[in-house]
Every structure is written in C-alpha cells, then in structure tokens.
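Each remark here refers to the structure printed beneath this line.
In each ligand, atom 1 is the first atom listed, and ligand 1 is the first ligand listed. For reference, positions follow the sequence shown, starting with 1.
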Amino acid sequence: MSKGIVLKSKEEIELLKISNQIVSKTLAFVGELIRPGITGIELDRKAEEFIKDNGGKPSFKGYQGFPSSLCISINEAVVHGIPSKYEIREKDIVSVDCGVFKNGFHGDSAYTFAVGDVNEIIMSLLRNTMKSLYLGIDKAIAGNRVGDISHAIQEYTELKHGYGVVRELVGHGVGRELHEKPEVPNFGKKGKGPVLFEGMTIAIEPMINLGSKNIVVLKDGWTVLTKDRKPSAHFEHSIVVGKEQAMILSDHDIIEESIKKNINLKKI
Ligand code: MG
Ligand code: MG
C-alpha cells in the first residue's frame, strides 16, 4: 500500500460515521436558515453553536489559521470562503463546507445551495457536479486506483459537459487528521495513482467551474475564486472504500429534506 495511508477498523469507521452525521445535520441546519438577507457570519455563528450542542468541535476553525467554523463560498467563490457580512441574495449559489471533530475523528462534507430563481445553466452545473461526485464514489472499490475516481469525475464534468475542473485543490484521505493521504484529484487517468484498499476513508469533492479551470486566491489568503469570475460548484462526501461498493459516511438526504421545506431554496 502507498506510504502514509491509514486503513480504518470497523470501530474507527463507526466513529467517523458519527462525526459525519453531525456534519450532515449541521449542513441541513444551515439549509433551514439560508434566505436572502442572511449573512455568512450569522450562518457560521449558528452552525458553530449547533456543532457544539451536538458534542462536536468545528474542524476548520483554527486549521492553519482559518477563522471560521464553515467555509462559505458564494457564486464565483470555489472553496475556502470566509463567512462575511455579505447578505445572501436571490439567485446566489452558496457552497457550504463543514468539518466536525469528535471522538478523535473528523467528518467532512459540502453542499451547494441554490437560493431562489437560479438560472438553468447554473442549476445544471450544480446537478452535474453532484452527479460527478456519485460517479467518483462508484469507483471507490478495493482494487481500483485513485485515478479511476479522478477520471470518472473529469470525464463527466470536463469532457462531457465542458466545465473547468480545478487542478490546484483536491479531495483527500480523512480520519484522525482532517487531511490525510492519499490526495484524490478530480482529474486524472484510469488505472493510475495509489491502489484503493477496503477500509480507506476518503473525502471526494469535485470543485467544478462553469467556465475555465483557472483560479485565483483573494487577498484574505483563503477565498478561492474562479479567474473568469464565472460560478463554481462544490459537493463533497466522506466515504469508506468497500469490497463491492463504497459506503457513504456523510448524508445529503437530510440536507435535501431541509431544502424541500425552505421556500427560499431551489431543489437541485
Ligand atoms: Mg470539506
Ligand atoms: Mg475535504
């Protein structure tokens, strides 16, 4: 096995599941709150409280100096957005990334919310990015290689739909550390990269741009924007590599339940 990759026991996977459940519940909670006029700072404050009430610790706060509990990346922001005073508007897309640490393990998942009447081209970007996440997960089977996941995502988003796949940021192993080996790029070649073993836990997270793949980092040192300022989508699941299929540890169904109930959000 590739150096530095940590396989997890059944017990450890159960603990990872607990952390990821809190992540998913937090994202669902955020999905109840998002509406035009609310700020990222308000969402972040409430999410942090929610995480603590559930016995967890926000993984991102303080990570390499990141100031907040959530990453909130709006429209042309790809990832790593710092929650700000900006008031969310009708037609915005809002990517929310959440990490929770509990019992020694990190959960990590992200979802992009569509606020109100988002146009069909952008809705398709969201739908297709989400679809590519599941195509990647389908390849997370023991004996495959990381490149099989990467290629499935790139083929669907870049080759089939002409979107830009961000190169500088990638998925990753997840466990006792928020970012473990191996790196899981959203681009690559079939049959290349580290071999996947049963019990490897990874976060798969396509970051897909409507326009070109190029990005820039804002002066705040964190927020990643598309260079052409076209919108970008981000969906992420933490999963366990399985013998016949992967097991998804995070849960987007409960997020979609809260979207259904929130009249300010459009179902993807
Ligand atoms: Mg994440
Ligand atoms: Mg991640």
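The two residues Q154 and G188 make their nearest non-hydrogen contact at OE1-N, 3.0 Å.
The Mg ion (ligand 2) is closest to atom OE2 of E205 (considering only N, O or S atoms). The atom name of the N/O/S atom in D97 closest to the Mg ion (ligand 1) is OD1. Between the Mg ion (ligand 2) and the N, O or S atoms of E236, the shortest distance is to OE2. Sorting the N, O or S atoms of D108 by how far they are from the Mg ion (ligand 2) puts OD2 first.
Aromatic ring centres of H234 and Y111: separated by at least 6.0 Å.
None of the N, O or S atoms belonging to H179 lies under 2.8 Å away from the Mg ion (ligand 2).
Looking at S95 and S73, their side chains never bring a donor and an acceptor atom within 3.5 Å of each other. No hydrogens or angles considered: nothing links the side chains of S238 and D108 as a donor-acceptor pair under 3.5 Å. Judged purely by distance below 3.5 Å, without hydrogens or angles, the side chains of Y163 and N128 pair a donor atom with an acceptor atom.
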